[in-house]
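Atoms within a ligand are numbered from 1 in the order they appear, just like the ligands themselves. Residues: numbered from 1 along the sequence shown. None of these values were measured; they are calculated from a predicted model.
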Amino acid sequence: YAATIKDLRGRLDQWLKDTDDRGLAAMKQSQKRKSSPNVVLILADDLGYGDVSCYGGKGVQTPNIDRLAAEGTRFTNGYCSASTCTPTRYSLLTGVYAFRTPGTGIAPPNQPALIPAGTPTLASIMQDAGYATAVIGKWHLGLGKPGKGPDWNGKIAPGPLEIGFDHCLLLPTTNDRVPQVYVRDHHVDNLDPSDPLWVGNKKPSDDHPTVANNKDKLRFQSMRGHRDTFYNGVGRIGFYTGGHSARFCDEDLADRWVDASKRWINDHKGEPFFLFFSSHDIHAPRITHERFRGTTSLGPRGDMIAELDWSVGELVDYVEQLGLTEQTLFVFCSDNGPVLNDDYIDGSVKMLGDHDPNGPFRGGKYNVFEGGTRTPFITRMPGTVPVGVNDQMVCTIDLAASMAAMLNQSGDTFIDSENVMDALLGKPNAKGRDALVQQANGGWGRFAYREGRWKIARNKGGAAYNANLRLKNSPVPELALYDLQEDPGESNDLSGQKPELTERLNAQMEAIMQR
Ligand code: NG6
Ligand code: CA
């Protein structure tokens, strides 16, 4: 019997140990879920501070974005780092100010990948921490090898998959540029090899469909650009031929991306996931699905806000449906401030009414006034992020270092990104950043620097573009000082009254830029 008892005891011990291990594993798993929440980052395109109703927008109701704010923390000093798309996106992923890397201004159709393969990014640190990662939507950071650009009919690399994303479904640049095709992982989706896709900047033939030979079919007239290729009623920047089976309709972008996002989330609901949902709303050409057409008083620009809001609602509801609401951090922000008719005349000036796209601020897209970079910024994770309004300064560039800190990953290369995770999570008394450099597009010599309540704006040539949202140059001082506390609208230049402060801030900005 002794042998049998010994054997039984051995088996009992093993069973107890296994049970313990399982319990421990389950406990660890649940702790991990709390310390590594899912992250859904929703980046709007060209959405201004005052464009959504929870930030005071009047011409359009945004119940879903408002719901994020009502269930989370709404920042009143939330920024993107630049007032155009490519540099903000570059900084968001790399944690480095875009002005440090030449050539990171608005990317053209055949732009090679701007972020070299293997560069540590917001996505790669999440991947390293065990997250499933995807970017779905607008890319606008270039694709393909240096000096070459995307190989449209072959393997398109490097791209998002070489900098930390497991999956992508992309609009390669922006929809006013060619081509109108999706890039899924390394290839153009649905491409028929017998009808190759060609993209270039020279008109390929005399009978190429352009704005000039389709004037009567245009949905929007353009003011000076967007005349190269005519497709789906719209003139676009750049030329393309072929790839017909791969081409999409502008009307379907939001539906397609929401659908793809839900599928991807569903496939990865059992592990921590990071979804970068990069909407094309509300960038020109402003064409929504027909169900949003005419739903606001603002014309196509407002309809696009409604479509954006719908997308947000779909993602939030889906996460809820999966029972993941309390383990999922939503971050909602924008890539740059507002613009009205962005070269296409689409009624956004005429139908503006009393809607203020830039809220109480001055300027918008393309300039360094607050309207250019102070944008909606909301975080939401019920049970973790408190409900409220937060006035700490946070910026899209900070997501990289903040996530790295949260996940115990190295953020060494994120040199301009600050760990403001506690502020993003709305922790009481948590501080945001003290100072921020704001940039217009690459290489225009237009920068601003905010430190606390003070801001200097440096405008090379003494002109600011789009300072009144009408795409004109307005005369401004080359170097101005504003007190954002007293004068959020930046109307009163104090540099003459406070030359020493102006000089100190200017030197400080210069020091950061030369770092
Ligand atoms: C400008 C385009 C504008 C828009 C912008 C990029 C003209 C005249 N203007 O050059 O329409 O596409 O580039 O916007 O072509 S962004 O949000 O992607 O940076
Ligand atoms: Ca943009």
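Those atoms of ligand 1 that come under 4.0 Å of a heavy atom in Ile237, given as number and element, are 15 (O). Listed by atom number, the atoms of ligand 1 under 4.0 Å from His140 heavy atoms are 18 (O). Taking a cut-off of under 4.0 Å to the non-hydrogen atoms of Lys138, the atoms of ligand 1 that pass are 18 (O). In summary, the atoms of ligand 1 found under 4.0 Å from a heavy atom of Asn336, numbered by their order in the structure, are 17 (O). The distance from ligand 1 to the heavy atoms of Asp45 drops below 4.0 Å at these ligand atoms: 17 (O).
No hydrogens or angles considered: a donor-acceptor pair under 3.5 Å links the side chains of Arg450 and Tyr79. Side chains of Asn64 and Asp309: a donor-acceptor N/O pair is present below 3.5 angstrom, by distance only.
Which of Asp343, Thr88, Asn441, Asn341 comes nearest to atom 8 (C) of ligand 1 through a heavy atom is settled by distance: it is Asp343.
For the pair Ile115 and Tyr90, the minimum side-chain heavy-atom distance is below 4.5 Å. The closest side-chain heavy-atom distance from Lys155 to His187 is below 4.5 Å.
When distances from the Ca ion (ligand 2) to the N, O or S atoms of Asp335 are compared, OD2 comes out shortest. In Asp45, the N, O or S atom that comes nearest to the Ca ion (ligand 2) is OD1. The N, O or S atom of Asp46 with the smallest distance to the Ca ion (ligand 2) is OD1.
Atom 5 (C) of ligand 1 has Tyr366 OH, 3.3 Å as its closest protein atom, hydrogens excluded (heavy atom only). Nearest to atom 12 (O) of ligand 1 among the protein's heavy atoms is Asp176 OD2, 2.4 Å. Protein heavy atom in closest approach to atom 16 (S) of ligand 1: Cys85 CB, 3.2 Å. For atom 17 (O) of ligand 1, the nearest non-hydrogen atom of the protein is Lys365 NZ, 2.9 Å.
Between Thr84 and ligand 1, not a single N/O pair is under 3.5 Å apart. The distance criterion of under 3.5 Å between nitrogen or oxygen atoms is not met by Thr86 with respect to ligand 1.
Checking each of Arg301, Arg219, Arg286 against Asp346 for a salt bridge (charged side-chain N to carboxylate O under 4.0 Å, His left out) leaves exactly one that passes, namely Arg286. Of the candidates Asp303, Leu308, Thr295, Asp303 is the only one forming a side chain to side chain contact (heavy atoms under 4.5 Å, CB included) with Thr288.
Salt bridge annotation for Arg291-Asp255: present, with a cationic side-chain nitrogen under 4.0 angstrom from a carboxylate oxygen.
Within 6.0 Å of NZ on Lys58 lie more than 12 heavy atoms contributed by other residues, nucleotides or ligands.
Of the heavy atoms in His280, none comes closer than 4.0 Å to ligand 1. Residue-level proximity to ligand 1 for Asp342 is carried by backbone and side chain together, each with a heavy atom below 4.0 angstrom. Only side-chain heavy atoms of His226 come within less than 4.0 Å of ligand 1; its backbone N, CA, C and O stay farther off.
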Determine, stepwise, if the pair His226 / Asp343 fulfils side-chain hydrogen bond (donor to acceptor under 3.5 Å, both in side chains).
-> CA-CA 8 Å; His226 300 104; Asp343 197 50; 2.6 Å; yes

Verdict with supporting geometry, Asn232 and Glu251, side-chain hydrogen bond (donor to acceptor under 3.5 Å, both in side chains) = CA-CA 10 Å; Asn232 197 21; Glu251 284 82 345; 3.1 Å; yes

Could you go step by step and tell me if Ser83 and Arg446 meet the side-chain hydrogen bond (donor to acceptor under 3.5 Å, both in side chains) rule?
-> CA-CA 10 Å; Ser83 61; Arg446 298 193 170 116; over 6 Å; no

Let me see the working for Tyr131 and Phe274 under ring pair (Phe, Tyr, Trp, His ring centres under 6.0 Å), right down to the final yes or no.
-> CA-CA 6 Å; Tyr131 278 64; Phe274 167 49; 7.5 Å; no

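At least one heavy atom of Arg177 sits less than 4.0 Å from an atom of ligand 1.
With a cut-off of 3.0 Å, the Ca ion (ligand 2) has no N, O or S atom of Thr84 in range.
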